[in-house]
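Heads up: the structure comes next, in structure tokens.
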2 protein chains.
Amino acid sequence: MTDQHTTKAYDRDLEALGRQIAEMGGLAEKMLSDSIDALINLDETLGRATAAVDPRLDALQREIEEAAILTIARRQPMAVDLREIIGAIRISADLERVGDLAKNIARRAVKLAGEPRLPRAMIGLRHMGEVATLHLKEVLDAYAQRDAIAARDVWERDKDLDDLNDSVFRDLLAFMMEDPRNITFGTHLLFCSKNIERAGDHATNIAETVYYIVTGGNLPVDRPKGGEVNAGEGASA
Amino acid sequence: MTDQHTTKAYDRDLEALGRQIAEMGGLAEKMLSDSIDALINLDETLGRATAAVDPRLDALQREIEEAAILTIARRQPMAVDLREIIGAIRISADLERVGDLAKNIARRAVKLAGEPRLPRAMIGLRHMGEVATLHLKEVLDAYAQRDAIAARDVWERDKDLDDLNDSVFRDLLAFMMEDPRNITFGTHLLFCSKNIERAGDHATNIAETVYYIVTGGNLPVDRPKGGEVNAGEGASA
């Protein structure tokens with residue numbers, strides 16, 4: 001374990017894992033941001049292009065998982081080093097889920113292209129998208145810097161996204177009640193809002209993983225939760 | 001690797017992992033089935049009891065992940081044996097997600113208790129719940145038996161659940177359009193329907209993992225997908 005040769009090979013493995021996570025993170029962040037742009041502008045072309053990125057993210061997750069496990073089998077790292085590798089597996093799983101959610105939003109943007117009715121909730125959705133994308137960016141930076149304090153900071157702010165989601169839900173319900181012709185469109189947007197909130201939950205999961213990698217400890221189980229119990233309740237991140 | 005002592009210790013590790021997965025599987029199956037019963041009967045007590053099981057499932061997932069990784073570090077298994085362990089990690093992640101989805105349905109059941117308006121879609125939701133629970137049970141049996149053919153069979157039938165989801169969505173949209181007072185209730189049920197469909201997607205993921213464990217190969221990327229592109233479109237499993 002401690003001989004020079006093994007240690008160097010192990011460091012190289014870890015560096016390669018870090019690079020793959022960085023690539024996945026960049027892709028997931030762009031997919032999320034593009035999917036929300038596609039939705040807000042009802043941009044069919046951008047929606048299709050964004051959804052098409054998802055298989056790359058799925059493949060990267062599998063590569064990371066396999067590389068991580070081969071590293072463990074080959075190098076037999078100590079407990080403290082195992083945290084890095086377990087962390088890589090967990091973060092790649094969260095990033096893959098963010099990609100799925102972005103794909104879902106992008107597909108709905110394609111479906112909705114040409115829709116003439118634009119509810120007030122669109123403003124809230126745009127804001128939610130900005131906050132979720134920022135949280136994801138910040139937590140990936142915290143991972144790159146191994147910064148537990150920055151990670152905890154993102155984790156604490158997830159509450160903001162829950163509150164925004166509740167507000168968008170209320171706006172969308174009002175929009176649907178105004179006119180039954182709004183219901184189908186409104187339903188798509190309800191799911192988009194939920195997807196953005198769940199993308200934020202994954203940023204929060206990543207924050208927990210960064211905290212675990214750096215400190216070996218866990219953030220409290222009960223994270224500060226915003227939001228009332230309404231139709232948007234029950235995030236299943 | 002090949003000496004008797006290591007092999008026996010490794011077998012014991014694998015058996016322990018198998019038992020933990022079986023426990024998780026049993027819990028996830030019961031949570032899903034109970035959450036749907038709570039929803040159909042708008043049973044507040046059962047809803048609360050079901051949601052309360054979720055932390056146990058989360059803890060089991062962490063235990064399985066850690067045990068799996070320690071096994072790899074300690075025993076340095078060959079590639080073929082690694083599949084068993086990678087499989088355990090993947091299946092526990094899917095079961096944890098099923099628990100999240102069931103908790104979400106259970107919480108909505110609590111919210112909706114006392115609701116006097118029962119749409120026709122409730123019949124479809126009950127049917128979806130039965131199908132998803134059956135798929136989960138069958139795929140866990142396929143895992144216990146290491147039966148790739150049975151796993152593939154579940155995987156092929158996920159299409160049925162997508163079709164049922166579409167039909168429930170249409171019923172729910174009609175219900176909401178009938179009377180604006182149905183919209184909030186209908187929205188909760190839309191999310192429940194989506195959650196059940198996603199639980200089925202996780203059963204499908206588990207089927208893919210069982211196939212991979214047994215054969216070393218992967219099922220085709222494009223699994224048979226039912227369902228039209230409607231408001232329920234875009235499963236994000």
Side-chain angles (χ1 to χ4, degrees), chain A residues 51 55 58 62 65-66 68-79 81-82 85-86 89-90 93 97 99-108 110-111 169 172-174 176-181 183-188 190-191 194-195 198 218 221 229-237, chain B residues 51 55 58 62 65-66 68-79 81-82 85-86 89-90 93 97 99-108 110-111 169 172-174 176-181 183-188 190-191 194-195 198 218 221 229-237:
Chain A
D58 293 347
R62 289 293 156 112
E65 197 181 60
E66 280 163 22
I69 282 166
L70 280 177
T71 300
I72 300 172
R74 280 199 206 117
R75 317 286 180 213
Q76 292 191 286
M78 314 284 286
D81 294 320
L82 269 178
I85 301 180
I86 295 176
I89 294 174
R90 286 187 188 159
R97 296 275 309 137
D100 277 348
L101 294 165
K103 178 180 72 177
N104 204 324
I105 296 167
R107 283 189 178 168
R108 289 187 195 276
V110 171
K111 268 292 294 169
F169 258 78
L172 284 173
L173 288 181
M176 289 158 79
M177 285 175 193
E178 253 162 41
D179 184 340
R181 286 170 301 174
I183 288 179
T184 303
F185 185 40
T187 297
H188 279 293
L190 281 173
F191 278 99
K194 190 76 190 156
N195 287 340
R198 283 171 54 217
N218 291 308
V221 173
V229 181
N230 67 9
E233 185 270 339
S236 60
Chain B
D58 293 348
R62 290 294 155 112
E65 198 181 59
E66 281 163 22
I69 282 165
L70 280 177
T71 300
I72 300 172
R74 280 200 206 118
R75 318 284 180 216
Q76 292 191 283
M78 314 286 285
D81 294 320
L82 270 178
I85 301 180
I86 296 175
I89 294 174
R90 287 186 188 159
R97 295 276 309 135
D100 277 347
L101 294 164
K103 178 180 71 178
N104 204 323
I105 296 167
R107 282 188 178 168
R108 290 187 194 275
V110 171
K111 269 289 296 166
F169 258 78
L172 284 173
L173 288 180
M176 289 157 80
M177 285 175 193
E178 252 162 43
D179 183 341
R181 286 170 300 175
I183 287 179
T184 303
F185 184 41
T187 298
H188 278 294
L190 281 172
F191 278 99
K194 191 75 189 154
N195 287 341
R198 283 171 54 218
N218 291 310
V221 173
V229 181
N230 67 9
E233 185 270 340
S236 60

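Residue numbers begin at 1 in each chain, while the letters A, B, ... track the order of the sequences.
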Top residue by heavy-atom pair count (under 4.5 Å) with chain B, among A:T71, A:I105, A:I86?
A:I86
Pair count under 4.5 Å, heavy atoms only, with chain B: among A:G186, A:A51, A:A73, highest is A:A73
Holding to side chain to side chain contact (heavy atoms under 4.5 Å, CB included), I want the full list of residues that pass it with A:N218, two or more places apart in sequence or in another chain.
A:Y212
Rounded to the nearest 0.5 Å, what separation is found between the CG atom of B:L190 and the OG1 atom of A:T187?
5.5 Å
Sequence-distant partners of B:D179, salt bridge (charged side-chain N to carboxylate O under 4.0 Å, His left out), two or more places apart
B:R181
A:I89 portion near chain B, given a 4.5 angstrom heavy-atom threshold:
side chain
If you measure from CG on B:L82 to CD on A:E66, what distance do you get to the nearest 0.5 Å?
9.5 Å
Looking at A:L70, A:I69, A:D58, which makes the most heavy-atom pairs under 4.5 Å with chain B?
A:I69
Examine whether an atom of A:E65 lies under 4.5 Å from a heavy atom of chain B, and if so say whether it belongs to the side chain, the backbone or both; otherwise answer neither.
side chain
Is A:L172 in contact with chain B via its backbone, its side chain, both, or neither, using a 4.5 Å heavy-atom distance?
neither
How long is the gap from CG on A:L173 to OG1 on B:T184, to the nearest 0.5 Å?
5.0 Å
